[in-house]
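Have a look at this one.
Scope of the values below: all heavy atoms of this structure, side chains included, with no hydrogens, waters or symmetry mates.
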Amino acid sequence: MYNQSLDKGPLKDDGRDQDEDRRIEFEHNVLAGYTVEPKDWMPEGYRKTLIRQMSQHAHSEVIGMLPEGDWILRAPTLKRKAILLAKVQDEGGHGLYLYSATETLGVSRDLLYEDLLHGRAKYSSIFNYPTLSWADVGVIGWLVDGAAIMNQIPLTQCSYGPYARAMVRICKEESFHQRQGFELLNEMMNGSEKQKEMVQNSVNRWWWPTVMMFGPEDKDSVHSKESRTWGIKRVTNDELRQNFIDVTVPQAEILGVDLPDPDIRWNEERGHYDFGEVDWTEFWRVVSGHGPCNRDRIEAKRKAWEEGVWVREAIMAHALNEKVVDRHG
Ligand code: FAQ
């Protein structure tokens, strides 16, 4: 909903800090459920937090194309190749919606991308792990897209309109990805012993990195408090992680795979599954650039950026030419 009170121009100077008055009113309106649009007044911290989170999210989508992209040429059948191509293409599309939505906050896509290529911007830790077998493609769909949806559904209710609207479309596509990943694994689990082993091995490698995707525990999350005050984050990292585990354990049972955590068991009192200790040292090692594939991921993107110069120049020349033709008939 467009909120006029967020866009009413300078406040009367009654001796109080104008920005402080505006911030209080802003937070009040956001809590009341108003949607903030690009031209509305917003606190600088809100704008910066959104640029940080939305650009990290966009980078995650485009870096996320790489691990699965490695399997396009090796897909076992034409049908699987077509599905995988479409999925990777969807992820590129998600990156584009998210870069566009971030640009509405007054920052250029080129600048954001430069930050990624120079290691100044983060992207999701999960994409720094290698895809070693075909089963990894199914496990990324089932677990990684499953975790992404769990995190992104509350973002459809985010206070910033362009981000919330991008999330609606992205969630629809991600949920299709999650189901096709599950279907691929289900087929393998009904196949040969070797296929079943591949799936189990893949689940063993991807389970903990997926549980880490939701970010640090709430007690160590630096941005959660402000993000929740501003209606950016609606659900905490730990709540999302718990929800993900609660929905995924029964799915693993249906597939017939074991999750590599001996502490997972139903807790009647809490109404949730208990689970084991996350290795936060590994998480921070990967986030700080020392995961198995961090260097390769950035190198692949840098190479694509450099080799794509002529494409960007051609597109620009074509666009300018169209403009000249438009102007002169
Ligand atoms: N990886 O204070 P918090 C996908 C950083 S999309 C790396 O809790 P916040 C689609 C965090 O940035 C997956 N860094 O932070 C797909 C912060 O560092 P900073 C991406 C992480 O923002 C599927 C510091 O730790 N999804 O998978 C991670 O309040 C399949 C402290 O953390 C999104 O980006 C991490 N996992 O909460 C594609 C969703 N976690 O910035 C291909 C939007 C935390 O101060 C195939 N983002 N950090 O330097 C969010 O919801 C939030 O940003 C969180 C983190 C929940 C990720």
Side-chain angles (χ1 to χ4, degrees), residues 31 45-46 48-57 59-61 63-64 119 121-129 139-140 142-159 163 167 171 174 178 203-252 258-294:
L31 272 181
Y46 177 82
K48 283 195 174 141
T49 294
L50 278 172
I51 292 174
R52 179 188 62 80
Q53 178 168 325
M54 291 165 69
S55 61
Q56 284 178 4
H57 196 164
H59 299 328
S60 303
E61 296 282 355
I63 294 270
K122 289 193 170 70
Y123 58 89
S124 183
S125 48
I126 193 74
F127 302 117
N128 291 307
Y129 292 87
V139 168
I140 290 180
W142 174 43
L143 294 181
V144 177
D145 280 279
I149 299 163
M150 188 58 79
N151 167 274
Q152 288 170 181
I153 285 174
L155 290 174
T156 64
Q157 304 299 314
C158 157
S159 57
Y163 193 24
M167 280 299 116
C171 281
E174 306 276 39
Q178 194 267 353
V203 170
N204 293 349
R205 286 182 286 107
W206 287 88
W207 173 251
W208 285 109
T210 307
V211 170
M212 293 173 195
M213 270 178 79
F214 297 94
E217 289 176 288
D218 291 349
K219 65 179 175 55
D220 299 320
S221 167
V222 281
H223 302 293
S224 280
K225 191 164 174 281
E226 270 192 328
S227 287
R228 276 163 67 81
T229 306
W230 287 329
I232 296 171
K233 256 176 146 168
R234 299 287 184 190
V235 186
T236 75
N237 299 0
D238 285 340
E239 286 165 348
L240 289 170
R241 190 172 1 258
Q242 181 70 66
N243 293 345
F244 170 74
I245 289 171
D246 288 348
V247 302
T248 308
V249 173
Q251 293 173 6
D258 295 324
L259 297 175
D261 177 356
D263 294 324
I264 289 184
R265 69 181 61 87
W266 180 250
N267 183 324
E268 196 62 54
E269 222 167 274
R270 292 201 309 123
H272 291 289
Y273 284 95
D274 289 337
F275 56 96
E277 234 355 80
V278 176
D279 181 354
W280 293 112
T281 312
E282 172 177 333
F283 171 74
W284 289 116
R285 192 170 53 237
V286 175
V287 169
S288 64
H290 302 98
C293 300
N294 297 58

Please confirm whether the backbone N or O of Gly215 pairs with a side-chain atom of Arg241, one donor and one acceptor, at under 3.5 Å? yes
Main-chain N/O of Gly276 paired with Asp261 side-chain donor or acceptor, under 3.5 Å: yes
Ile126 and Met213 have their tightest heavy-atom pair at CB-CG, 3.6 Å
Across all chains, not counting sequence neighbours, the salt bridge (charged side-chain N to carboxylate O under 4.0 Å, His left out) partners of Asp274 are Arg270
Sorted by first residue and then second, give each salt bridge (charged side-chain N to carboxylate O under 4.0 Å, His left out) pair with at least one member in residues 207-217; sequence neighbours left out. Glu217-Lys219
Phe244 versus Asn151: any side-chain heavy-atom pair under 4.5 Å? no
Does His290, at its NE2 atom, have more than 12 non-hydrogen atoms belonging to other residues, nucleotides or ligands within less than 6.0 Å? no
Can you give me the closest heavy-atom contact between Asn204 and Asp258, atom names plus distance? OD1-O, 4.1 Å
With a 4.5 Å limit on heavy-atom distance, are the side chains of Trp142 and Gln251 in contact? yes
What I want to check is whether the side chains of Gln242 and Asp238 have a donor and an acceptor closer together than 3.5 Å. no
Rounded to the nearest 0.5 Å, what's the gap from CZ on Phe283 to CE on Met212? Could you check? 8.5 Å
Donor-acceptor pair, side chain of Ser288 and main chain of Arg285, under 3.5 angstrom: yes
Specify the closest pair of heavy atoms between Arg265 and Pro262, including all atoms of both residues, with the distance to one decimal. NH2-O, 3.5 Å
Is there side-chain contact between Cys158 and Gln53, with heavy atoms separated by less than 4.5 Å? no
Would you call the rings of Trp266 and Tyr273 parallel, tilted or perpendicular, taking 30° and 60° as the class edges? perpendicular
Any side-chain heavy-atom pair of Gln152 and Thr156 under 4.5 Å: no
Heavy-atom side-chain contact between Thr49 and Trp230 under 4.5 Å: yes
Calculate, to the nearest 0.5 Å, the distance between atoms CH2 and CG belonging to Trp208 and Asp279 respectively. 9.0 Å
Spacing of Asn128 atom CG and Ile63 atom CD1 [to the nearest 0.5 Å]: 8.0 Å
Considering non-hydrogen atoms only, spot the tightest contact between Ser221 and Pro216 and give its length. CA-CG, 4.1 Å
Val235: what forms a side chain to side chain contact (heavy atoms under 4.5 Å, CB included) with it, not counting sequence neighbours? Pro154, Glu239, Leu240
How long is the gap from OG on Ser124 to NE2 on His59, to the nearest 0.5 Å? 12.5 Å
Could you grab the distance from atom CE of Met150 to atom CG of Asp246, nearest 0.5 Å is fine? 8.0 Å
Does the side chain of Ile264 reach to within under 4.5 Å of the side chain of Trp207, using non-hydrogen atoms? yes
CD (Gln157) and OG (Ser159) are apart, to the nearest 0.5 Å, by 11.0 Å
Hey, does Cys293 have a side-chain heavy atom less than 4.5 Å from the side chain of Phe127? no
